[in-house]
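Please read the structure below before turning to the comments.
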Amino acid sequence: MALMASSRHEVGTKSYPILIYVLVPLLALGLQSLLSLHFGFFPMIDLPLLITIYYAISKREPMSATVVGAVIGIAQDGLTHHPLGIFGIAKSVIGYVAASLGVRVDTENHATRLLLTFSFTLGQAGILFVLQRHLLGQAFAWHWVHEVIRAALNALLGVILFALLDLTRRRE
Amino acid sequence: MESFFSRYRNALVLMTVLLAQVIGLAIQVRRPGQDASDKGGVLLIRSWVVDLVSPPERLLHATGLGIRGVWMNYFDLIHVRQQNKSLQTQLDQLRLEEASLAEDARQGQRLQALMGFQEKYIYKTVAAQVIGTAGTEQSHVLLIDKGSKDGIKADLPVITPDGIVGKTRDVFDHASQVLEISDPTSGAGVIMTNTRIQGVLHGNSWGQPEIVNLSPDDRIKAGEPVVTSGGDSIYPRGLAVGTVDRTVSQPEGTLVNVLIKPAANLERLEEVLIITNTGSQMPSGMQQDLSDSQQKASDILAERLPSRADPNAPPPVVSGQTGTAAVQGAAAPSSGPDNSLPTPPPKPPPAIHADRYSTSSVQPAAEMVPGQRASGVDAPSTSETSGHVEAPATVKRPAPTVADSSVAPAKKTPARPAPAEEKSGATGASPAPENPNAQNPKPVKPKPAQPNSAQPDKSPPPITAPPSTPPQGTN
C-alpha cells in the first residue's frame, strides 16, 4: 500500500533547529489570535493543531509528541477563558496518536497528510465535545457538516503548511 | 518491572500528561461558592502566554495601523471638504435634536428621582485597541492592549459607540481579556424597550447572544431594541445591546429564548471603550456639553427663523395675503431637507406690482394705534389670519391690533364667521379705510380688544397672533 511506510528512510525521524521548535508554535498561536480578529472564518482553522500534528508525524516519537501537544494546547488554552487543559488534553492525545501512526504510515505523502489532518481535526473536535459537554458541563454546539468542512479546510491548509515546514528541516 | 516501563513508556507518558491536566482542570473548575484561592497560579500561566503572544501581536497591529494611517491621512482624502460640510450640517441638526431631547432627559431624571431609581452616568472611559482574539470558535474572548497599569480591573463593562461588547475578565499588566456577550459563559441584564420585558442575556453555543428563559409573549417582535437594564451591577442602564432577531422555543419546557442581533459588530472590532468609573450624578462635562448644545441649538434655530431685526427680511405680514399664499408659504419650508424641524413661519412671496393692498405696505405693529387707521394698512380678515383658504371679507373697520408677526406667526385658529354687516356687499379683497389719525402714531403694546372699547364700528375682536407657535401646516 502506497500510504504505508516501506523503507527505512520513510520511517526515519526528522530533526529541526531548536529555534524552530519554539518560534513556530508561538507564531502559530499569535497568527491564530490575530487573524481571527480580522477574518471571521479563521476560527475554523486551528494552526496550533496543525503544528502539533506536523511535529508528531515528523518526529514519530509519541512521548515527545505528547509533551509538545500538551504544551501547545495549554498555551492555546491561555488565550481563551476556558480552564487550562481543555486544548492541552486534546492535543496531547492527538500528538500521541499522530506520532504512533507516523511510525506506520508514509507521512511524506501529501495524500496521507491530508487524510491524517482531516481525521485528527475531527478527532480533536470529538475530544473537545466530550470534555466540554460531559466533563465540564458546558454548552458545545456540534454540527456534522460544520465539523466536516472545518476538518477539510484544516487538511487543505495542513498540506501546504507541512510542505513549508519541511523546508526548515535539518539536512541529513 | 523495568521491561514494563520501557515497553509502555510512551503510553505511560501520555497517561501521566493527561492525568496531570485532568487534575489541573479539576483544580480550576470551581463550584459556586468555593473560594478562588488558586486563581493566582492559574493567572500566572495565562499571564505567561499572554505576555508571549501579545507583544508580536501588538507589533503587527501597530504596523498595520501605521500603514493604514499613512493611506488614510495622506492619500485617501478625497471629498473630505465636502464630507466636512455635510457633517457640520448634520452636527447642527443633531444639536437641535439633542436640545429637544435634553428636556425629556431632565424630566426623566426628575421622575426617576421621584421613583427612587439610580441612574448610572459614565464618568470615565479608557480607549483600547483590540489586538487579538481567543482564536477558537468555542471561546468568544478578545485581547485588548490595556491592562492593570492603565487602570483596568476585572468585570468592567466594555462598549463601543454602537453598543456593549462585553466585560473585562482576566487583567494583566499591559493587556486584558474581554469576555464578549456572545460567549455562553457571559451574562448581562437586559430589557426590551417596547415590551419592557427583562431578562438575562447569554451567548448560545453558536456565538449569538440570546435572552434565555422567557415566557412566550406575542408582543415580542423582530427589530425591537434591547438595552441594558442595569440589574447586573456591571453594565450601566440604557446602553444599547441590539435588536430582537427572532424567538426560538426551548426543546424542553414551555419557555422561549429570544435571539438578539448585537448592536456592536462583534465580528470586526478594532477599538473599544472600557468604562472605568460610573456614578449617579451627571458629570460636569456632560452638563456643560448639554448647556452648550442647547445654546448652540437656540442660535441655529434663531438663524433659521426670520429675525425681528433683519433689515433684509420682507416686512411682516398680518393681512392682505390671500389664503393661497399663506398655504404656499407654509408649505414651502416643509419641502426642505429638515422636515423634522419646527416649521418656520410662512413668508408670502413679494408682490410683483405693489399697491396699497400689497403686504409690503403693512405698517409695523409698533406704530399702530388702536382705533386709528394707518395709511396703507389693510384690515385683515379673520379667515386670512387663521390661514384658511377663504375669500377675505370686505369690511370697513379700523386696523386691528396685532402682535409682531415676524416673531409670532399666526397660529391656525378655527375660522370664525364674520359679522353680518361685514359680509354685506363683500365680493373681493377690500382694505380697511385709511386711518386719518395716524399721522402721529405712538407705539403701543398690543392689547386684547374689549367688547365695549371705543371702536368706530362693531368689528370682531382684534386678532392677536399667539406667541411663537409656528403653523403646523394648513389644510
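Here is how names work: the chains are called A, B, and so on, in the same order as the sequence lines, proteins then strands, and each is numbered from 1. Keep in mind it's a predicted model, so treat the numbers as computed, not measured. Side chains are part of it too, since the values below use all heavy atoms of this structure and drop only hydrogens, waters and symmetry mates.
Using a 4.5 Å cut-off between heavy atoms, B/V130 touches chain A through backbone and side chain atoms alike. In this structure, no portion of B/A20 lies under 4.5 Å from any heavy atom of chain A. Of the atoms belonging to A/Y96, it is side-chain heavy atoms, and not backbone ones, that fall under 4.5 Å from chain B. Residue contact with chain B, scored on non-hydrogen atoms closer than 4.5 Å, involves the backbone of A/D77 exclusively. When heavy atoms are compared at a cutoff of 4.5 Å, A/L35 does not approach chain B at all. Interface remark: B/N204 contributes no atoms to any contact with chain A (heavy atom separation under 4.5 Å). The contact between B/L269 and chain A is made entirely by backbone atoms, counting heavy-atom distances below 4.5 Å.
Ring geometry for B/H61 versus A/H38: interplanar angle under 30°, hence parallel rather than tilted (30 to 60°).
Per-residue counts of heavy-atom pairs under 4.5 Å with chain B were compared for A/S100, A/G73, A/A75, A/P43; the largest is that of A/P43. Most heavy-atom pairs under 4.5 Å with chain B, from the set A/A65, A/P48, A/A70, A/G40: that is A/A70. If you tally non-hydrogen atom pairs under 4.5 Å between each of B/R268, B/E57, B/E270 and chain A, the highest count goes to B/E57. Ranked by non-hydrogen atom pairs under 4.5 Å with chain B, the options A/H143, A/Q132, A/Q76 are led by A/H143. Of the listed residues (B/S139, B/A11, B/G207), the greatest number of heavy-atom pairs within a distance under 4.5 Å of chain A belongs to B/S139. Comparing A/G30, A/A141, A/A99, A/S33 by how many heavy-atom pairs each has under 4.5 Å with chain B, the most go to A/S33.
The minimum heavy-atom distance linking B/L14 with A/T66 is given by the pair CD1-CG2, 3.6 Å. Closest of all the heavy-atom pairs between B/H140 and A/H81 is N-CE1, 4.3 Å. Nearest approach of B/Q177 to A/G78, heavy atoms of both residues: NE2-O, 3.2 Å. Contact detail for B/V141 and A/L79: the closest heavy-atom pair is CG1-O, 4.0 Å.
Rounding to the nearest 0.5 angstrom, the gap separating the OG1 atom in B/T133 from the CD atom in A/Q32 is 7.5 Å. Put simply, CG on B/L142 and CG on A/L37 are 7.5 Å apart, with the number rounded to the nearest 0.5 Å. Considering OG1 of A/T80 and CG of B/L179, their distance stands at 10.5 Å, rounded to 0.5 Å.
The shortest distance between side-chain heavy atoms of A/L26 and B/L52 falls below 4.5 Å. Residues A/I74 and B/Q21 meet the side-chain proximity criterion, which asks for heavy atoms closer than 4.5 Å. By the 4.5 Å heavy-atom criterion applied to side chains, B/T136 and A/F87 are counted as neighbours.
For A/H146, the NE2 atom is densely surrounded, since the number of other residues' heavy atoms within 6.0 Å is greater than 12. When the shell of 6.0 Å around CD of B/E267 is examined, it contains 12 or fewer heavy atoms from other residues, nucleotides or ligands.
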